[in-house]
Amino acid sequence: MIQLHDKQFVPFVSAQEIDFAIAKIAALVEDDFADETPIFIGVLNGSFMVVSDFMKHYKSPCEVSFIKMASYEGTSSTNEVKQLLGLDQVLSGRSVVVIEDIVDTGNTLVALKELFKKHNVKHFKIATLFFKPEAYKQDIKIDYVGIRIPNKFIVGFGLDYDGLGRNLPEVYQLKD
């Protein structure tokens, strides 16, 4: 068990399970984009570890960039997504794969889909390490899912609780 601020968290997903899930996603994406050079867009801050490990498994030509969006305060979603750091690449006619650490409500995906529609991308795909089907409220297809999880608050491997826990190599869930 670990303590972050005022909350306790218990082990949930091991580092080995995370690595296996990311390798699986990378292989699927690589199969789908074998004949082109996709650009991977990591959603900061949470996805930095997922993107880093994904890039280690992806062996074909590709590019990577990051965008910063925010929708969380503490342990709950504000349901309002703000873009804090934008893109500087030309994306028109390119295949874009958004790499997320976690998809829960899907509000960030709606904002991202609108943003990339304006850029006239060739393909818009979504890859996520963690997916919470019970919390998902959108009709946007999640193309690549690493691990489906219950609607529990988790930290570790890039995910935080008010800034703490991102550096943990495994994932913990909030203790009941």
(request) Kindly indicate, with the supporting measurements, whether the criterion side chain to side chain contact (heavy atoms under 4.5 Å, CB included) is fulfilled by Arg94 and Val121. (result) CA-CA 5 Å; Arg94 304 275 317 266; Val121 300; 5.5 Å; no
(message) Keeping His57 on the side-chain end and Ile22 on the backbone end, is there a donor-acceptor pair under 3.5 Å?
(response) no
(request) Mind telling me whether Tyr58 and Phe54 have parallel, tilted or perpendicular rings, with 30° and 60° as the class edges? (result) parallel
(message) What's the separation between atom CD1 in Ile149 and atom CG in Asp104, rounded to the nearest 0.5 Å?
(response) 8.5 Å
(request) Say whether, by atom type as modelled, one donor and one acceptor occur between the side chain of Lys59 and the main chain of Lys56 under 3.5 angstrom. (result) yes
(request) Check the side chains of Tyr172 and Glu170 for a donor-acceptor pair under 3.5 angstrom, ignoring hydrogens and angles. (result) yes
(request) Keeping the roles fixed (side chain from Lys132, backbone from Lys152), state whether a donor-acceptor pair exists under 3.5 Å. (result) yes
(message) Rounded at 0.5 Å granularity, tell me how far CG in Leu168 sits from CD1 in Ile154.
(response) 11.5 Å
(request) Answer yes if Phe20 and Val171 sit in the same cluster of Ile, Leu, Val, Met, Phe, Trp and Tyr residues linked by side chain heavy atoms under 4.5 Å apart, and no otherwise. (result) no
(request) Mind listing the closest non-hydrogen atom pair of Pro169 and Ala15 along with its distance? (result) O-CB, 3.4 Å
(message) So Glu134 and Pro150, do their side chains get closer than 4.5 Å, heavy atoms only?
(response) yes
(message) As a quick check of understanding, evaluate side chain to side chain contact (heavy atoms under 4.5 Å, CB included) for Leu115 and Ile67, giving each step before the final call.
(response) CA-CA 11 Å; Leu115 174 71; Ile67 188 168; 3.2 Å; yes
(request) Any salt bridge (Lys or Arg N to Asp or Glu O under 4.0 Å) involving residues 26-45? Give me the pairs, sequence neighbours left out, ordered by first then second residue. (result) Glu36-Lys122
(request) Might you point out which heavy atoms bring Ser47 and Ile99 nearest each other, and give the distance in Å? (result) CB-O, 3.5 Å
(request) Give the C-alpha distance, both sets of side-chain angles, the deciding distance and a yes or no for side chain to side chain contact (heavy atoms under 4.5 Å, CB included) between Phe130 and Val103. (result) CA-CA 6 Å; Phe130 294 107; Val103 172; over 6 Å; no
(message) Closer than 3.5 angstrom, by distance alone: can the side chain of Gln3 be matched with the main-chain N or O of His5 as a donor-acceptor pair?
(response) yes
(message) In the structure I gave you, are the side-chain heavy atoms of Ser65 and Phe40 within less than 4.5 Å of one another anywhere?
(response) no
(message) If hydrophobic clusters are built from ILVMFWY residues whose side chains come within less than 4.5 Å, do Val10 and Phe12 share one?
(response) no
(request) Please check if the side chain of Asp160 supplies one atom and the backbone of Arg166 the other of a donor-acceptor pair under 3.5 Å. (result) no
(message) List the residues meeting salt bridge (charged side-chain N to carboxylate O under 4.0 Å, His left out) with Lys118, not counting sequence neighbours, and say none if there are none.
(response) none
(message) Main chain of Phe131, side chain of Thr128: is a donor-acceptor contact present, judged purely on distance under 3.5 Å?
(response) no
(request) Report the residues that fulfil salt bridge (charged side-chain N to carboxylate O under 4.0 Å, His left out) with Lys24, sequence neighbours left out, ordered by chain and then residue number. (result) none
(message) Minimum heavy-atom separation for Ile147 and Ala21, please, with both atom names.
(response) CG1-CB, 3.7 Å
(request) Determine, step by step, whether Lys68 and Asn45 satisfy the side chain to side chain contact (heavy atoms under 4.5 Å, CB included) criterion, reporting the C-alpha distance in whole Å, the side-chain angles of both residues, the deciding distance to 0.1 Å, and the verdict. (result) CA-CA 7 Å; Lys68 186 164 183 174; Asn45 284 336; 3.5 Å; yes
(request) Identify the heavy atoms of Asp53 and Phe157 that sit nearest to each other, and give their distance. (result) OD2-CZ, 3.4 Å
(message) If you compare all heavy atoms of Phe33 against all heavy atoms of Pro38, which two are closest, and at what distance to 0.1 Å?
(response) CB-CG, 4.0 Å
(message) Measuring from atom NZ of Lys137 to atom CG of Leu109, what distance do you get when rounded to the nearest 0.5 angstrom?
(response) 13.0 Å
(request) Kindly give the heavy-atom pair with the smallest separation between Leu91 and Phe116, and that separation in Å. (result) CD1-CE2, 3.4 Å
(request) Could you check Leu129, Thr108, Ile142, Val50 and say which one makes a side-chain contact (heavy atoms from CB on, under 4.5 Å) with Glu100? (result) Thr108
(message) Counting C-beta onward and ignoring hydrogens, is there a side-chain heavy-atom pair between Val97 and Phe124 closer than 4.5 Å?
(response) no
(message) With rounding to the nearest 0.5 angstrom, report the CD to CD1 distance, Gln138 to Ile126.
(response) 10.0 Å
(message) Quick check for you: to the nearest 0.5 Å, what is the distance between Met55 atom CE and Glu63 atom CD?
(response) 9.5 Å
(message) Nearest 0.5 Å, please: how far is CE in Met1 from CZ in Phe9?
(response) 11.5 Å
(request) State, yes or no, whether a side-chain contact exists between Ile2 and Leu4 at a heavy-atom distance under 4.5 Å. (result) yes
(request) Decide yes or no for Tyr144 and Lys125: does some side-chain heavy atom of the first lie under 4.5 Å from some side-chain heavy atom of the second? (result) yes
